[in-house]
Amino acid sequence: MSTAHNIPQEINAPAAQEYTGARLLLELLKREKVDTIFGYPGGAIMPVYDALYDYRDDIQHILVRHEQGAAHAAEGYARASGRVGVCMATSGPGATNLVTGIADAMLDSVPIVCITGQVASSFLGTDAFQETDIIGITVPITKWNYQVTNAEELLAVIPKAFAVARSGRPGPVLIDITKNAQFEKITADLSQIPSGRSLECEHIVELSGLREAARLINEAKRPLMLVGHGCLISGAHEEARAFAEKAEIPVASTLLGLTTIQTNHPLYVGMLGMHGNYGPNVLTNKADVIIAVGMRFDDRVTGKLSEYAREAKIIHIDIDPAELNKNVQIAVGIVCDAKQALRALIPLITRQRSKEWFDQFSACHDREHEKVISRDLAPREGLPTMSKVIGDLGIITKGEAIVVTDVGQHQMAAARYYPFKKPNTLLTSGGLGTMGYALPAAMGAAVGVPNQRVLAVIGDGGFQMTLQELGTIAQWKLPVKIVILNNNFLGMVRQWQQLFFDKRYSSVEMENPDFLKLAEAYRIPSKQVSRCCDVQAVLTEMWETPGPYLVEVVCEKEENVFPMIPAGASISDIRLE
């Protein structure tokens, strides 16, 4: 069992009121302004669900169809709304079914609080029915976890859970509550209990690092700014744009950093990574100064580390000190919230625009456009490509949808070709690469920001991993627009097998169900389209129809995603075909 650091052993409770542990939990969640829980009931969490019956006016409970869906929905809610997502499950299989979503939240720095029921304290360690050591299982994939064995612990544990999930580099927290603690009665005055917000700490800017960073930037001839997910988490999109505009330097984005800067901004040069744009990948190795903000130099971005950015002095701004010098050696490290750091850095920098440097990006873009982009987006006879469908979606939605993708070829097509206009409008599984993420994350986003429109773009393989959440979408009438890009393959694996395994297609071709009949079974309107010339009309009808809607697009079977950096290769070895 994890140790709960800094939890007071005694809490004075003048003017106290009596609570069961279950009711106390819900009162504490109300104080953290929780308005939604995604969950699935069971025996070990039953007292909380019984208490929840009396809190229906304050906290809505969204009954998912699988606990993995609850965790991903909490992620989608958190990323779209900026608030902490909450999910709940029973012990044993209920708790273990949350694990994939928890790991996903950990790698993508998403603040969620997961609440699990547990067998009574007297049964711990006895292999009781549905007993699983969820604390031991989740130690590596949570920022903090704790097992509550008596009701009084909740008074300190719940506020701390929200403080830990939100503060610094956000992430998941799991609180496991034994059944006896849910039944137990205590008296407490909740007005005396600190909220999670009051427990969060301020982060201090190290000015000496900023001055050295500014000196390097101001002396640079070929500077390049890299923006990651940390820019969006900290709300630093305006500061990132202001920094780039003042310095007049090129800006590239990681997959999760997309939407920090509009894709049509004149300083934006494209996406980094294995299937990113040609220019920012190749020219990273020619930059003399790199300003990396809120990104972790993932292997999909760096390629072969020994050949990555060897000419550059790297300035790394990140709130997590563990990320500095972890993968690449840096010249200046600034441990700070991205918004705060950029605000302090902007007054120290001067204009650096170099026509020659920008011309190199333009030349790379022209080459990529000739070899890849014009081919991907061109109208064609017969089956549409994923890239063309994404281009059409961008036109129909005017680039203003919250786009939630699954993982695979369609994910890369969406990242490359959707014209994002607003921050935090791409939700995707980056670090863990979780197939099955999109559908439940999209419904979480729809709940979290009901005033914004949500578009789920999903491959036929990933869709079948969590398709049961169509039941949740139908029950709650969530207006999620679902586009299945169906090529009857596990497309990204097939592409690798084609390029690197002599086209030996092993266990990647799928015999799929009738997706329209599945939608009909859940009373969700749907259409199929299989001709490129019909795509825009069908997608327009979907977008203009109120409520949920599913479109299956039968796509070209062996479409490949380029550019592509082969695994283990240098980013300079990026392939255009």
Side-chain angles (χ1 to χ4, degrees), residues 36 38 62 64 68-83 85 87 100-101 104-105 107-110 112 229 232-233 255-259 386 389-390 393-394 396-397 399-470 472-473 476 478-485 524 539 542-543 547-553:
T36 302
F38 301 92
I62 305 290
V64 297
Q68 181 181 346
H72 292 321
E75 287 188 275
Y77 176 99
R79 289 180 63 176
S81 71
R83 301 188 294 273
C87 59
T100 296
D104 193 272
L107 281 172
D108 286 351
S109 303
V110 182
I112 63 173
H229 195 197
L232 294 167
I233 291 170
L255 172 64
L256 291 182
L258 285 171
T259 77
M386 294 184 182
V389 174
I390 297 299
L393 282 168
I396 292 162
T397 65
E400 295 177 348
I402 293 179
V403 178
V404 189
T405 82
D406 220 83
V407 172
Q409 289 180 313
H410 70 279
Q411 176 191 34
M412 294 297 102
R416 286 177 52 79
Y417 293 121
Y418 191 82
F420 297 102
K421 289 185 178 179
K422 298 178 180 178
N424 283 313
T425 51
L426 172 64
L427 311 184
T428 193
S429 173
L432 196 63
T434 305
M435 291 178 67
Y437 168 89
L439 194 62
M443 69 190 193
V447 173
V449 284
N451 59 325
Q452 296 188 50
R453 305 184 71 184
V454 178
L455 171 66
V457 179
I458 314 177
D460 49 309
F463 179 75
Q464 291 179 79
M465 290 192 170
T466 51
L467 66 82
Q468 67 274 4
E469 298 308 334
L470 288 175
T472 309
I473 289 170
W476 288 85
L478 299 174
V480 176
K481 310 302 183 185
I482 305 159
V483 178
I484 301 173
L485 300 180
I524 294 174
L539 294 179
M542 171 200 73
W543 195 243
Y549 200 111
L550 184 148
V551 170
E552 177 194 1
V553 183

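We number each residue from 1, following the sequence as shown. Worth saying up front: this structure is predicted, and the values here are computed from it rather than measured.
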Please examine the side chains of L467 and Q464, heavy atoms only from C-beta on, and report whether any two atoms are closer than 4.5 Å.
-> yes
Taking C-beta and beyond as the side chain, do V454 and L427 meet within less than 4.5 Å on heavy atoms?
-> no
Measure the shortest side-chain to side-chain distance between L550 and F463 over non-hydrogen atoms and say whether it is less than 4.5 angstrom.
-> yes
Could you tell me which residues satisfy side chain to side chain donor-acceptor pair (under 3.5 Å) with T36, sequence neighbours excluded, listed by chain and number?
-> Q60
Residue of the set D406, L485, V553 for which side chain to side chain contact (heavy atoms under 4.5 Å, CB included) holds with V457 = L485
Please list, chain by chain and in numerical order, all residues satisfying side chain to side chain donor-acceptor pair (under 3.5 Å) with Q409, sequence neighbours excluded.
-> N487, Q495
Under the side-chain contact (heavy atoms from CB on, under 4.5 Å) test, residues paired with L426 that sit two or more places apart = L255, L258, T259, V403, T405, F420, T428
Are I390 and H410 close enough that some pair of their side-chain heavy atoms sits under 4.5 Å apart?
-> no
Taken in chain and number order and not counting sequence neighbours, the residues that satisfy side chain to side chain donor-acceptor pair (under 3.5 Å) with T397 are Y418
So side-chain hydrogen bond (donor to acceptor under 3.5 Å, both in side chains) across residues 450-460, not counting sequence neighbours, yields D460-N512
Which pair of heavy atoms, one from Y77 and one from G85, lies closest together, and at what distance?
-> CD2-CA, 3.9 Å
Which heavy atom of Q411 sits nearest a heavy atom of V407, and at what distance?
-> OE1-CA, 3.5 Å
Rounded to the nearest 0.5 Å, how far apart are CD1 of I473 and CD1 of I62?
-> 11.0 Å
Closest contact, heavy atoms only, A71 versus I112 | O-CD1, 4.4 Å
State, with a plain yes or no, whether a side-chain heavy atom of I233 is found less than 4.5 Å away from one of S109.
-> yes
A456 versus V480, closest heavy-atom pair with distance = CB-CG1, 4.1 Å
Qualifying residues under side chain to side chain donor-acceptor pair (under 3.5 Å), relative to T425, sequence neighbours excluded | none
Show your reasoning for whether side chain to side chain donor-acceptor pair (under 3.5 Å) applies to E469 and T472.
-> CA-CA 5 Å; E469 298 308 334; T472 309; 2.7 Å; yes
Identify every side-chain donor-acceptor pair in residues 434-450 under 3.5 Å, counting partners at least two apart or on other chains, and give the distances.
residue: T434; atom: OG1; partner: D104; partner atom: OD2; Å: 2.7
residue: T434; atom: OG1; partner: S429; partner atom: OG; Å: 3.4
residue: Y437; atom: OH; partner: R79; partner atom: NH1; Å: 3.4

